[in-house]
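Order of the sequence lines sets the chain letters (A, B, ...), proteins ahead of strands, with each chain counted from 1. Note that these values count all heavy atoms, side chains included, but never hydrogens, waters or copies made by symmetry.
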Amino acid sequence: MMASRTDWLLALPVLLPLGACALATALHGRIAAQRLVSLAASALLLLGAIALVAEVVARGVIATQAGDWPAPFGITLVADRLGAAMVLITALMYAAVAVFARAEPDMAGQEAYWHPLLAALVAGVAGSFLAGDLFNLYVWFEVMLIASFGLLVLGGGREQLDAALKYAVLNLTATTVFLVAIAMAYGLTGTLNLADMARKMPAVENQGAAGAVAFLLLAAFGAKAAVFPLFFWLPAAYHTAIAPVAAIFAALLTKVGVYAMLRIVTLVFPEGQGWIGPVLWVVAAGTMVVGVLGAAAHWEIRRILSFHIISQIGYMIVGIAIATPFALAGAVLYILHHIVVKANLFLVAGAIRRAGGSFSLAQLGALWRRDPWLGILFAIPALSLAGLPPLSGFWAKLFVVKSGFDAGWYWLSAIALGTGILTLYSMVKIWMEAFWKEPPEGTPEFLLSGPERLLMLLPIAALGLVTLTIGLWTEPFAAFALEAGNELAGREAYIAAVLGGAR
Amino acid sequence: MEALLALLFGTLFGAAIYLMLARSLPRVLLGLILLGNAAIIAILAGGRVIGTAPPLVASGETLLAAGAANPLPQALALTAIVIAFGLGAFVMVLVWAVWRETRTLDAEELRLAEPPGLPAAGAAAAAAAEPPEARP
């Protein structure tokens with residue numbers, strides 16, 4: 001059978017970055033050509049992802065079977081609203097860091113490796129979002145992981161080796177736990193296809209073993225998502241990576257874990273495992289509180305931002321824990337908002353380091369006087385992270401907090417609101433130290449200028465514009481998230497698209 | 001047969017966890033490799049040992065003959081072996097690079113990314129606790 005439009009739309013987000021990875025590897029060392037490959041691949045991926053989202057919005061959940069092996073036997077690629085939107089935002093991040101990296105000074109001598117590794121990372125992330133079976137999800141996780149190992153040590157600093165070792169060992173342990181869970185799930189249900197497993201899991205006689213599978217999967221994905229108490233690898237590693245690497249990590253890697261949790265909890269274990277909600281309650285609260293307190297204790301921009309990733313993951317877990325359609329919509333909106341904002345903040349951190357000469361708050365100062373544009377571009381994602389209206393973070397937090405009140409989980413909503421205030425404290429701390437106070441004696445003059453400044457501020461401004469758009473023109477985004485939440489809670493459309501042979 | 005595989009899985013998993021709790025990095029590496037192998041045993045056990053004949057469909061038939069092995073776990077195990085091998089090799093190189101750069105293989109002594117002075121009480125104290133920037 002000829003491949004249809006749907007097949008192409010679902011395969012392209014994986015094929016494009018894989019092709020770019022191969023091409024960039026073949027062009028090793030020819031930097032101009034490699035740059036062109038990255039820019040072209042990210043632009044094409046962006047177009048493909050927009051077409052994918054349009055298709056999903058028009059037709060609902062779409063699925064394709066690779067090689068025409070019918071589900072549940074073959075490799076299935078599925079896109080619902082959540083998956084398609086995640087692919088689109090991945091493409092956006094790919095383009096943003098590809099542009100930013102051209103101005104990054106730490107990239108000197110490393111670019112030959114950066115381009116293929118970045119493409120491989122994007123392929124792994126996009127594959128994870130589209131994978132329709134558990135083992136494929138595992139393989140895409142590993143693709144993403146091996147690329148991230150390479151990216152993390154780019155630059156060759158000594159502290160990066162330390163960071164990479166901790167990152168590698170803890171993440172490998174988590175994926176191995178995932179693999180054991182896959183083996184148990186296959187032993188129980190005889191299938192690996194997520195839709196098929198969703199049908200068969202409630203009929204499993206030994207629901208205790210099914211609970212063990214659910215627990216192992218949640219633990220593995222939770223470690224990936226850096227939730228309390230499995231987050232230790234993240235603040236040990238992220239601050240050592242060079243700025244564009246840290247930005248793409250902060251944007252995508254933890255969110256793949258959150259996505260996988262969201263998928264498993266809503267699709268495979270929506271009932272029969274009553275403990276999941278209360279356990280995630282504790283996890284969400286712990287993640288929000290520990291993350292935000294960790295951030296408050298630090299005085300280095302990247303360390304602060306790394307802890308805030310953890311704290312923000314907690315909000316998404318709140319949505320998954322409550323699991324009403326509205327709460328799931330909140331989680332979806334939060335993920336989309338957070339990816340843009342967090343990547344943007346790490347890019348701003350890179351620009352601050354270039355403009356002020358350091359990541360340490362003690363050595364920065366007076367950036368507002370030297371470059372007000374940088375200050376405005378920092379303020380947009382920073383205030384959005386804290387959840388101030390009218391920025392995107394406000395609406396995302398509103399969804400999550402309201403769903404907590406609706407479900408009667410008042411304490412969780414209260415913790416979420418308190419975390420928001422402490423987030424604002426950290427952002428104000430960065431503002432006061434880096435932008436407002438007088439710099440210490442002997443600080444070098446303003447360093448960020450010329451085409452370098454343009455290349456750094458352009459992606460930052462573009463992502464800031466996305467944040468403002470979600471904030472000021474919320475209606476379509478909220479409607480999209482609500483539909484995505486209904487789709488996740490309904491799950492019948494997903495199962496029918498995969499197993500019903502609908503194309 | 002499954003009971004034997006389960007026992008082997010448990011033994012490997014336990015040994016792996018024991019090794020990974022050590023402070024010595026080579027032990028952690030060996031633990032990781034054992035952990036990967038334990039997971040592969042789990043996949044084989046999860047697919048049941050239904051036979052030992054090679055899972056090949058005879059010509060003219062559409063189904064496997066009785067007594068054939070379950071082919072799916074074998075395919076999964078093969079994939080997992082390749083991935084575990086590649087990542088194990090990477091971690092081995094990483095441990096070697098850490099040894100070359102720091103002359104220590106004690107996980108407790110590796111404090112480059114998280115220096116002992118952090119988190120500090122103020123901006124200046126925190127900046128002083130940071131390691132000197134390794135990159136120019």
Side-chain angles (χ1 to χ4, degrees), chain A residues 73 105-106 108 135 138-139 142-143 145-146 149-150 153 155-166 168-169 172-173 175-188 190 192 235-237 239-240 242 294 296-300 303 358-364 429 433 437 440, chain B residues 2 9 13 16-17 20 25 28-29 31-32 35-36 38-48 72-73 75-77 79-80 83-84 86-88 90-91 94-95 97-98 100-102 107 110-115 118-131 133-136:
Chain A
F73 305 110
D106 287 338
F135 196 79
Y138 162 76
V139 172
E142 296 285 21
V143 169
L145 204 57
I146 192 88
F149 290 162
V153 293
R158 287 175 69 203
E159 79 282 7
Q160 285 179 301
L161 289 175
D162 178 15
L165 190 67
K166 291 168 181 169
V169 170
L172 275 181
T173 310
T175 40
T176 311
V177 169
F178 181 17
L179 197 54
V180 172
I182 289 175
M184 287 179 66
Y186 176 62
L188 281 175
L192 289 166
H239 64 278
T240 63
I242 53 185
H298 278 289
W299 297 86
E300 205 256 31
R303 288 186 196 273
S358 178
F359 284 116
S360 281
L361 290 178
Q363 285 150 19
L364 290 165
K429 183 166 82 181
E433 294 282 335
K437 76 160 193 270
Chain B
E2 281 94 349
F9 166 73
F13 207 90
I17 298 296
M20 288 182 68
L25 293 180
V28 174
L29 172 65
L32 263 185
L35 199 64
I40 290 159
I41 300 285
I43 292 176
L44 283 180
R48 310 294 195 279
L72 184 68
L76 301 183
T79 316
I83 293 174
L87 294 179
F90 179 83
V91 175
L94 208 53
V95 169
V98 166
R100 196 191 54 191
E101 288 289 323
T102 64
L110 276 180
R111 299 298 298 267
L112 290 164
E114 294 166 293
L118 288 178
E130 290 280 351
E133 195 144 350
R135 291 187 296 271

Self-check item: side-chain contact (heavy atoms from CB on, under 4.5 Å) between A:F135 and B:T79, intermediate numbers included
Solution: CA-CA 10 Å; A:F135 196 79; B:T79 316; 3.8 Å; yes
Practice problem: Using non-hydrogen atoms and a 4.5 Å limit, figure out which bit of A:A297 sits close to chain B: side chain, backbone, both or neither. | Solution: both
Quiz item: Can you say whether A:I182 sits under 4.5 Å from chain B via the side chain, the backbone, both, or neither, judging by heavy atoms?
Solution: neither
Quiz item: With only heavy atoms counted, which part of B:A97 is less than 4.5 Å from chain A, the side chain, the backbone, both or neither?
Solution: both
Practice problem: Please examine the side chains of B:L94 and A:L161, heavy atoms only from C-beta on, and report whether any two atoms are closer than 4.5 Å. | Solution: yes
Quiz item: With respect to chain A, which residue among B:V91, B:L32, B:L76 yields the maximal number of heavy-atom pairs within a distance under 4.5 Å?
Solution: B:L76
Quiz item: Heavy-atom distance under 4.5 Å to chain A: side chain of B:I43, backbone, both or neither?
Solution: both
Exercise. Sequence neighbours left out, what passes side chain to side chain contact (heavy atoms under 4.5 Å, CB included) with B:A123? Give chain and number order.
Key: A:W299, A:A362, A:E433
Quiz item: Which answer fits B:A107, side chain, backbone, both or neither, if we ask what part of it has an atom under 4.5 Å from a heavy atom of chain A?
Solution: neither
Quiz item: Mind checking what makes salt bridge (charged side-chain N to carboxylate O under 4.0 Å, His left out) contact with A:E300, not counting sequence neighbours?
Solution: A:R302
Quiz item: For A:K166, is it the side chain, the backbone, both or neither that has a heavy atom under 4.5 Å from a heavy atom of chain B?
Solution: side chain
Practice problem: Tell me, for A:V143 versus chain B, whether the close heavy atoms (under 4.5 Å) come from the side chain, the backbone, both or neither. | Solution: neither
Practice problem: Please flag which part of A:F178 lies under 4.5 Å from any non-hydrogen atom of chain B: side chain, backbone, both or neither. | Solution: neither
Quiz item: After noting the C-alpha distance and the side-chain angles of B:I83 and A:T175, does the key distance pass the side-chain contact (heavy atoms from CB on, under 4.5 Å) rule?
Solution: CA-CA 11 Å; B:I83 293 174; A:T175 40; over 6 Å; no
Quiz item: Relative to chain A, which segment of B:E101 carries a heavy atom at a distance below 4.5 Å: side chain, backbone, both, or neither?
Solution: both
Quiz prompt | Over all atoms of both residues, closest heavy-atom pair of A:D162 and B:R111 | solution = OD2-C, 3.7 Å
Quiz prompt | Flag side-chain contact, heavy atom, 4.5 Å: A:R303 against B:E130 | solution = yes
